Amino acid sequence: MLRIVTLVSGGGTNLQAVIDAVENGTIKDAQIVKVISNKADAYALERAAKHGIGAQAVVKKDFPDREAFNDALIAAVDEAAPDLIVLAGFLVVLPVKMIEKYRGRIINIHPSLIPSFCGNGFYGLKVHEAALARGVKVTGATVHFVDEGTDTGPIIAQKAVEVLEGDTPEVLQKRVMEQAEWIILPGVIRDIACGKILIGGEK
Ligand code: GRF
């Protein structure tokens, strides 16, 4: 049984897609054992609670410094003994210690076709604003392994989405979520849970 910890910061629609996929059997042999957010009011935490999944907030302002926050975040993850850590809209830079400890076992969903529109400053609506400003005709989403960089780890899956005439950032964001993010993130987790995708140095 693949033990999954999900890190979130916002609405949790990607988390919800994974919860639904586990509950409807699309994802087999996996369990979301804990959801952790850096925001105490993240709706993603309510989504977890509604589905009987342990939810915990680890909030920077509750700690004297960044190192204490990082240590608390790592402890919260370690306590759940995850096989896989899923970043689903998590807007905090992970501690290097966590990346080293869970190398090859942390994945992230990014709302563009990496290497376009990614890296520092490219998150949420900003990604779609940049895509529209550049005038791309196709965008999409990417699931990748997390390394010490920002959106720089090995790409696992991508799905393209058409940009339509008159798209606003909000409209494009919704289409990318519905037609790409909410499909490829559960799909990658399904493939990890059944061994089709190997993680963490598995042979
Ligand atoms: C999504 O667009 C995701 O690609 C990005 O942050 C957003 C999170 O949305 N990383 P949600 O919290 O999953 O609804």
Side-chain angles (χ1 to χ4, degrees), residues 4-23 26-27 32 34-51 53 55-59 73 84-94 98-99 106-134 136 138-147 149-163 167-190:
I4 301 168
V5 166
T6 305
L7 306 186
V8 296
S9 297
T13 64
N14 278 285
L15 167 67
Q16 190 65 58
V18 178
I19 289 172
D20 294 347
V22 170
E23 291 186 350
T26 302
I27 296 175
I32 303 173
K34 191 173 186 180
V35 174
I36 300 168
S37 180
N38 61 305
K39 300 272 186 210
D41 61 351
Y43 187 63
L45 292 176
E46 287 187 44
R47 293 181 190 271
K50 279 181 190 160
H51 290 267
I53 299 168
Q56 180 183 356
V58 180
V59 182
L73 182 63
L84 178 69
I85 298 168
V86 178
L87 308 187
F90 191 60
L91 299 180
V92 169
V93 174
L94 291 189
M98 186 188 292
I99 294 169
I106 309 173
I107 65 174
N108 180 51
I109 174 84
H110 181 76
S112 77
L113 296 175
I114 290 174
S116 297
F117 313 117
C118 65
N120 291 333
F122 286 100
Y123 57 89
L125 273 182
K126 293 175 187 288
V127 174
H128 306 293
E129 287 165 0
L132 291 170
R134 183 64 185 82
V136 295
V138 174
T139 185
T142 303
V143 177
H144 63 93
F145 285 111
V146 172
D147 63 10
T150 304
D151 305 328
T152 52
I155 291 173
I156 305 169
Q158 294 188 302
K159 191 168 190 305
V161 172
E162 205 180 1
V163 180
D167 272 349
T168 63
E170 293 76 7
V171 166
L172 183 54
Q173 178 179 54
K174 190 166 183 295
R175 188 178 310 121
V176 168
M177 282 180 162
E178 290 173 344
Q179 296 184 11
E181 297 179 43
W182 300 346
I183 293 170
I184 61 174
L185 184 58
V188 164
I189 295 170
R190 176 200 60 216

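Atoms within a ligand are numbered from 1 in the order they appear, just like the ligands themselves. Quick caveat, the model's predicted, so the values are computed rather than measured.
- Separating the CG atom in Asp151 from the CZ atom in Phe117 is a distance of 13.5 Å, to the nearest 0.5 Å.
- Applying the 4.0 Å criterion to heavy atoms of Met177 picks out, from ligand 1, the atoms 1 (C), 2 (O), 9 (O), 14 (O).
- In this structure, Lys39 places its NZ atom where only 12 or fewer heavy-atom neighbours from other residues, nucleotides or ligands lie under 6.0 Å away.
- In this structure, the separation between CD1 on Ile19 and NE2 on His51 is 5.0 Å, given to the nearest 0.5 Å.
- Note that the CG atom of Leu84 and the CD1 atom of Ile107 stand 5.0 Å from one another [nearest 0.5 Å].
- For the pair Gly12 and ligand 1, the shortest N or O to N or O distance falls below 3.5 Å.
- In this structure, atom 3 (C) of ligand 1 lies nearest to the protein heavy atom Glu181 OE1, 3.1 Å.
- For ligand 1, one of its N or O atoms has an N or O atom of Asn14 under 3.5 Å away.
- Summary of contacts: the protein heavy atom closest to atom 8 (C) of ligand 1 is Gly89 CA, 3.6 Å.
- For Tyr43, the OH atom sits in a packed shell: over 12 heavy atoms of surrounding residues, nucleotides or ligands are nearer than 6.0 Å.
- Residue Gln173 has no N or O atom closer than 3.5 Å to an N or O atom of ligand 1.
- Contact record, Asn14 with Ala88: CB-CB, 4.0 Å, taken as the closest heavy-atom pair.
- Scanning the protein heavy atoms around atom 10 (N) of ligand 1, the nearest turns out to be Ile109 O, 3.2 Å.
- Expressed to the nearest 0.5 Å, how far CD1 of Ile4 lies from CD1 of Ile189 amounts to 5.0 Å.
- With respect to atom 14 (O) of ligand 1, the closest heavy atom belonging to the protein is Thr13 OG1, 2.6 Å.
- A heavy-atom separation below 4.0 Å is not found between Val8 and ligand 1.
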